[in-house]
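Comments concern the structure below.
Here the structure is a predicted model, which means the values were calculated and not measured. Per chain, numbering begins at 1; letters A, B, ... match sequence-line order.
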Amino acid sequence: MPELPEVETTRRGVAPHVVGRRVARLAVYDSRLRWPVPSDLGRRLVGRTVAAVDRRSKYLLFRFGSDTLLVHLGMTGSLRVFRHAPARRPHDHVDIVLDDGSVLRYNDPRRFGAMLWVPAPADAHPLLAILGPEPFDAGFDAGYLWRATRTRSAAIKLALMDNRLVVGVGNIYANESLFRAGIRPTLSAHRVSRARLAGLVDAVRTVLTEAIAKGGSTLRDYVDASGEPGYFQLEYFVYGRDGEPCRVCGAPIRMRRLGARASFYCPRCQR
DNA sequence: CTTTGCACCTGTTGGC
DNA sequence: TGCCAACAGGTGCAAA
């Protein structure tokens with residue numbers, strides 16, 4: 001999926017076109033997402049006005065008064081705004097038609113995404129209630145990460161990708177953050193020193209910030225609200241670079257699997 | 001509680 | 001060229 005930078009780029013692209021607009025019509029062409037799109041979603045949405053578009057973790061939260069439309073892009077989802085919607089393409093599953101005739105269109109080849117209606121208080125919804133801090137929250141600091149990893153023997157990369165610890169960091173950005181922090185992905189979380197965890201906090205924020213500035217990463221499916229790809233994949237230090245020379249020291253980048261996810265690291269820069 | 005592996009689904013790629 | 005297994009940005013869930 002889209003990780004945090006792609007979701008945030010989508011949010012920033014979508015929000016100006018939808019905030020203040022009223023929903024005129026909902027068209028669900030295929031309700032078979034990760035969970036079925038609720039059959040009464042149209043009845044709930046039509047006539048309501050979008051007050052704001054927020055993001056929590058990798059969820060987009062369209063606020064309608066105290067109620068929320070929750071959208072997740074899964075692995076291959078994208079959300080685009082069309083002034084005038086073109087003919088549907090494959091995997092276009094949902095259209096939200098606004099009162100000015102523009103259309104918010106959800107496309108998702110693998111259908112791992114979600115579109116759910118969440119009555120207030122949204123934070124209490126099970127999907128949101130379990131989430132840890134945002135990477136840019138003040139609460140996500142070295143002390144927090146230190147305490148949170150004391151009882152974790154699993155690899156630091158797996159801990160970093162655990163949404164209860166911190167949200168928004170998926171496979172690409174976990175790999176890139178650990179490279180920048182000089183930490184080997186396989187190292188047990190509780191064996192990483194507090195000083196190095198402080199470096200990891202900084203690295204996560206730096207990588208995510210730079211990725212957002214480049215419009216996120218596009219490996220295949222991701223496009224932003226305007227249909228534009230991201231460009232951060234051109235700046236990867238390790239992700240997808242198995243066997244290629246490290247951009248810092250020249251040693252060949254290595255790949256191994258952690259929890260079924262490909263993990264890339266420089267054997268010389270990361271210890 | 002943590003950890004592990006599977007499941008969901010479609011499309012692309014690489015090896016034979 | 002054709003076929004098929006492996007793999008892909010996420011994450012809830014069951015089981016150990």
Item to check | Test side chain to side chain donor-acceptor pair (under 3.5 Å) applied to A/Asn171 and A/Glu3, A/Lys157, A/Arg261, the passing residue | outcome: A/Lys157
Checklist entry - Which of these, A/Val18, A/Asp99, A/Ile96, sits in a side chain to side chain contact (heavy atoms under 4.5 Å, CB included) with A/Val23? => result A/Ile96
Checklist entry - Partner of B/dC6 by Watson-Crick or G-U wobble geometry, both contacts under 3.5 Å, or none? => result C/dG12
Checklist entry - Taking atom P of C/dT11 as reference, at what distance in whole Å does atom NE2 of A/His125 sit? => result 15 Å
Item to check | Nearest-angstrom distance, P atom, C/dT11 to B/dT12 | outcome: 23 Å
Item to check | A/Ala155 to A/Leu258 - nearest heavy-atom pair and separation | outcome: CB-CD1, 4.1 Å
Next on the checklist: Could you tell me the boundaries of the chain A footprint on DNA chain B, defined by atoms under 4.0 Å from its heavy atoms?
Outcome noted: B/dT2 to B/dT12
Checklist outcome for this item: Side-chain contact check for A/Arg34: nearest option of C/dG10, C/dG9, C/dA8 is C/dG10
Checklist outcome for this item: Between A/Pro185 and A/Tyr265, the two heavy atoms sitting closest are CD-CB, 3.5 Å
Next on the checklist: Under 4.0 Å, heavy atoms only, any strand: does A/Tyr239 hit a base, just the sugar-phosphate, or nothing?
Outcome noted: sugar-phosphate
Checklist entry - Mind checking who C/dA5 pairs with, Watson-Crick or G-U wobble, both distances under 3.5 Å? => result B/dT13
Next on the checklist: Within the 4.0 Å heavy-atom criterion, would you say A/Arg261 contacts the bases, only the backbone, or no part of the nucleic acid?
Outcome noted: base
Next on the checklist: Between C/dA6 and B/dC6, how many Å separate the two P atoms, rounded to a whole number?
Outcome noted: 13 Å
Checklist entry - A/His72 NE2 to C/dG12 C1': how many Å, rounded? => result 11 Å
Checklist entry - Going by an N to O cut-off under 4.0 Å, is there a salt bridge joining A/Arg43 and A/Asp40? => result yes
Checklist entry - In whole Å, what is the span from the CD1 atom of A/Ile130 to the P atom of C/dG10? => result 15 Å
Checklist entry - When all nucleic acid strands are considered with a 4.0 Å heavy-atom cut-off, which category describes A/Arg220: base, sugar-phosphate, or nothing? => result base
Next on the checklist: Tell me whether A/Arg11 contacts the main-chain N or O of A/Gly13 through its side chain, where contact means a donor paired with an acceptor under 3.5 Å.
Outcome noted: no
Checklist entry - If the P atom of C/dA5 is compared with that of B/dA7, how far apart are they to the nearest Å? => result 16 Å
Next on the checklist: Using atom P in both nucleotides, what's the gap between B/dG14 and C/dG9 to the nearest angstrom?
Outcome noted: 15 Å
Checklist entry - Using a cut-off of 4.0 Å on non-hydrogen atoms, how would the nucleic acid contact of A/Ser153 be classed: base, sugar-phosphate, or nothing? => result sugar-phosphate
Item to check | Side-chain N or O of A/Tyr59 closer than 4.0 Å to phosphate OP1/OP2 of C/dT11 | outcome: no
Checklist entry - On a whole-Å scale, what distance lies between the P atoms belonging to C/dC7 and B/dG5? => result 14 Å
Checklist entry - Taking CE from A/Met75 and C1' from C/dC7, how many angstroms apart are they, rounded to a whole number? => result 9 Å
Item to check | Whole-Å distance separating the CG atom of A/Leu60 from the C1' atom of C/dG9 | outcome: 15 Å
Next on the checklist: Determine whether the aromatic ring of A/Phe112 stacks with the base of C/dG10, defined as ring centroids separated by less than 5.5 Å and ring planes inclined by less than 30°.
Outcome noted: yes
Checklist entry - Which residues within residues 156-166 of chain A lie with some heavy atom under 4.0 Å of an atom in DNA chain C? => result A/Asn163
Item to check | Centroid-centroid distance, A/His72 to A/Tyr59, less than 6.0 Å | outcome: yes
